[in-house]
Amino acid sequence: MRLSALGDVCNLVPTVRALQRQWPHARITWIIGKGEYSLLAGLSGVEFVVYDKSTGLKGMRALWRELAGTRFDVLLHMQQAIRASVLSLGLKANVRVGYDKARAKDAQHRFTQLHIAPRTNPHVLESFMDFAHLLGVEEGPLEWDLPVPPAAYDEARTISGEAPYLVINPCSNVRLRNFRNWSVEGYASVIEYAWVQHGLKSVLTGGGSSLEREIGEQIEALCQPGSVINAIGKTSLKGLLALVDGARAVVSPDTGPAHMSNAMGTPTLGLYATTNPQRAAPYLWRDFAVNAYPDALRTYLQKLVEEVSWGQRVRHADAMALIKVDDVIAKLEALLTYTAHPTTGTMDES
């Protein structure tokens, strides 16, 4: 059971693939959120049961009725929110596995019988893999193999055309005191650099909220004609998967499309100041994340990374302004160089 969010369900897929690799005949049911299902629909070997969080307790009761005749050998309770724990109470399972006490939030460990082994400072993806390890799954390669239908690639080509391009997803989800968005001027400077130095158009992506549309229009207004395609609010989730699959690289703050890009194997440059990239950056491209998180901790909390909890966030509206344009451009250049010549390029460990 993992209901949300888009980035997290992408990070969980390698755990599903590891379970399938170890036990190819096992039946796997994934209880998932409505929007997240639209992203992962068609994932091979997985039966999805969808819970729409907006339906509240009424939706929970409907799901319990749907699964009333099913008793699971193991329930992997992989969402820490209290809503998910309440949902778990109506499911029948011989064994319930949850997070260790140090990582459990909302007293999630009280709703489970077995707990994954404690681990110091894991990435989110590694925390999910710990569930497979508890069951005895052997280490192996990370696999995603997300399903993308031909219609989604048609949708993407209609937006991007045939020329090479970057995807820039400028906004994260709007949540209370969740300050993850970089500046309009910063994105415009990166678009200018990609256009002038590499001949790459930039495709802006995002949801259809008024804030995202407004930011997209502001970015577009600062850019040269022809250098940017504003597709904010104009793609399906499957279409966005296809779009990032065809991109030369993706630039994004800490939000779902960054992890969608990572899952598709597309070079990904994450922008981090309010969250710790060692915990939450696109997993395969952590070395290319711009990391202003230590600066944000010092500036706004007067703390060092070693002095705060692993999941500590910096909830300050100005924190992302600590990310400098020159640092983003330098990381983008390193990423483009490395992925163009992976046998001779050097990954930046800074």
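For clarity, every value in this text was computed on a predicted model and none was experimentally measured.
In this structure, the separation between CG on L204 and CZ on R213 is 12.5 Å, given to the nearest 0.5 Å. Atoms CZ and CG, from R2 and N11 in turn, are 9.0 Å apart once rounded to the nearest 0.5 Å. One finds the CG atom of L271 at 11.0 Å from the OG atom of S172 (value rounded to the nearest 0.5 Å). Within the model, atoms CG of L39 and OG of S236 stand 10.0 Å from one another, a figure rounded to the nearest 0.5 Å. Note that CD1 of I168 is 11.5 Å distant from CD1 of I229, once rounded to the nearest 0.5 Å. Rounding to the nearest 0.5 Å gives a distance of 4.0 Å between CZ of R103 and OG of S127.
Annotation for C10 and W144: closest pair O-NE1, 2.8 Å, computed over non-hydrogen atoms. Smallest separation of non-hydrogen atoms from A18 and M129: CB-CE, 3.9 Å. Closest heavy-atom contact between I232 and P170: CD1-CG, 4.2 Å. Nearest heavy-atom pair, W285 versus T268, reported as atom, atom and distance to 0.1 Å: CB-O, 3.2 Å. Nearest approach of A249 to T266, heavy atoms of both residues: CA-CG2, 4.2 Å. Heavy-atom minimum distance, G256 versus L6: CA-CB, 4.1 Å.
Panel note: side chain T55, backbone D52; a donor-acceptor pair is recorded below 3.5 Å. No side-chain donor-acceptor contact under 3.5 Å links K234 to the backbone of I159. Using modelled atom types, one side-chain atom of K331 and one backbone atom of D287 make a donor-acceptor pair closer than 3.5 Å. Although no hydrogens or angles enter the test, the distance criterion places no donor-acceptor pair under 3.5 Å between the side chain of Q218 and the main chain of V184. No donor-acceptor distance shorter than 3.5 angstrom exists from the side chain of Q108 to the backbone of I82, with no hydrogens or angles considered. A donor-acceptor contact shorter than 3.5 Å is absent between the side chain of R180 and the backbone of P253.
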Exercise for review: Could you walk me through whether E192 and S189 pass the side-chain hydrogen bond (donor to acceptor under 3.5 Å, both in side chains) test, one step at a time?
Suggested key: CA-CA 5 Å; E192 174 79 4; S189 296; over 6 Å; no
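Side-chain contact between L125 and P14: present, with at least one pair of heavy atoms (C-beta onward) separated by less than 4.5 Å. Contact of the M264 side chain with the V148 side chain is registered, since non-hydrogen atoms from C-beta on lie closer than 4.5 Å. Between M78 and T15, the closest side-chain pair of non-hydrogen atoms falls below 4.5 Å. Side-chain contact check for I191 versus I219: some heavy-atom pair is nearer than 4.5 Å. At least one side-chain heavy atom of R248 sits less than 4.5 Å from a side-chain heavy atom of T339. Two residues are said to be in side-chain contact when any heavy atoms from C-beta on lie closer than 4.5 Å; V203 and T205 meet this criterion. The closest side-chain heavy-atom distance from L237 to L241 is not below 4.5 Å. Residues Y193 and L200 fail the side-chain proximity criterion, which asks for heavy atoms closer than 4.5 Å.
Other residues, nucleotides and ligands contribute over 12 non-hydrogen atoms within 6.0 Å of the CD atom of E47. Counting non-hydrogen atoms of other residues, nucleotides and ligands closer than 6.0 Å to CD of E307 gives a total above 12.
Every residue meeting the side-chain contact (heavy atoms from CB on, under 4.5 Å) condition with N121, not counting sequence neighbours, appears here in chain and number order: W310. With sequence neighbours left out, the side-chain contact (heavy atoms from CB on, under 4.5 Å) criterion links L322 to A292, D295, A296, T299, Y300. The side chain to side chain donor-acceptor pair (under 3.5 Å) check on Q20 picks up R17, with sequence neighbours excluded. Not counting sequence neighbours, the partners of E220 by the side-chain contact (heavy atoms from CB on, under 4.5 Å) test are V228, N230. Applying the side chain to side chain donor-acceptor pair (under 3.5 Å) test to E185 and every residue at least two apart in sequence or in another chain returns nothing. Listed by chain and number, the residues in a side-chain contact (heavy atoms from CB on, under 4.5 Å) with S4 are E36, K53, Q79 (sequence neighbours excluded).
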Mind listing the side-chain donor-acceptor pairs of residues 273-280 below 3.5 Å, one per line with the distance, residues two or more places apart or on another chain?
{"unit_1": "T274", "atom_1": "OG1", "unit_2": "F179", "atom_2": "O", "d": "3.1"}
{"unit_1": "T275", "atom_1": "OG1", "unit_2": "D254", "atom_2": "OD2", "d": "3.0"}
{"unit_1": "N276", "atom_1": "OD1", "unit_2": "Q278", "atom_2": "N", "d": "2.9"}

Side-chain polar contacts of residues 85-98 - donor-acceptor pairs under 3.5 angstrom, sequence neighbours left out - could you list them?
{"unit_1": "S85", "atom_1": "OG", "unit_2": "H77", "atom_2": "NE2", "d": "3.1"}
{"unit_1": "S88", "atom_1": "OG", "unit_2": "S85", "atom_2": "O", "d": "2.5"}
{"unit_1": "K92", "atom_1": "NZ", "unit_2": "A68", "atom_2": "O", "d": "2.6"}
{"unit_1": "N94", "atom_1": "OD1", "unit_2": "R71", "atom_2": "NE", "d": "2.8"}
{"unit_1": "R96", "atom_1": "NH1", "unit_2": "S88", "atom_2": "O", "d": "2.8"}
{"unit_1": "R96", "atom_1": "NH2", "unit_2": "L91", "atom_2": "O", "d": "2.4"}

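Partner M260 forms a side-chain contact (heavy atoms from CB on, under 4.5 Å) with one of N169, V167, L240 and no other, that one being L240.
Grouped by direct or indirect side-chain proximity (heavy atoms under 4.5 Å, Ile/Leu/Val/Met/Phe/Trp/Tyr only), V196 sits with W195.
Within the structure, the salt bridge (Lys or Arg N to Asp or Glu O under 4.0 Å) test picks out no pair touching residues 56-66 (sequence neighbours left out). The ring-ring contact (aromatic ring centres under 6.0 Å, His included) pairs that include a residue from residues 30-57 are W30-F48, Y37-F48, where partners are two or more places apart or lie in different chains. Note on residues 115-141: pairs passing ring-ring contact (aromatic ring centres under 6.0 Å, His included), not counting sequence neighbours, are Y99-F131, H123-Y283.
Cluster annotation: I31 and L57 are assigned to the same hydrophobic cluster (Ile/Leu/Val/Met/Phe/Trp/Tyr, side-chain heavy-atom contacts under 4.5 Å, transitive). Under a hydrophobic-cluster definition in which Ile, Leu, Val, Met, Phe, Trp and Tyr are linked whenever side-chain heavy atoms come within less than 4.5 Å, directly or via other members, V46 and L3 are assigned to different clusters. Each of F72 and I116 belongs to its own hydrophobic cluster when Ile, Leu, Val, Met, Phe, Trp and Tyr are linked at side-chain heavy-atom distances under 4.5 angstrom. Connection of L67 to L75 is established within a shared hydrophobic cluster, with ILVMFWY side chains joined at heavy-atom distances below 4.5 Å, either directly or through further cluster members. When the side chains of ILVMFWY residues are joined at heavy-atom separations under 4.5 Å, either directly or via intervening members, V244 and L332 end up in a single hydrophobic cluster.
Using modelled atom types, one finds no donor on one side chain facing an acceptor on the other under 3.5 Å when comparing T235 with E155.
R21 and E143 are joined by a salt bridge, as a carboxylate oxygen and a charged side-chain nitrogen come within less than 4.0 angstrom of each other. Between D106 and R83 no salt bridge is recorded (no basic side-chain N to carboxylate O distance below 4.0 Å).
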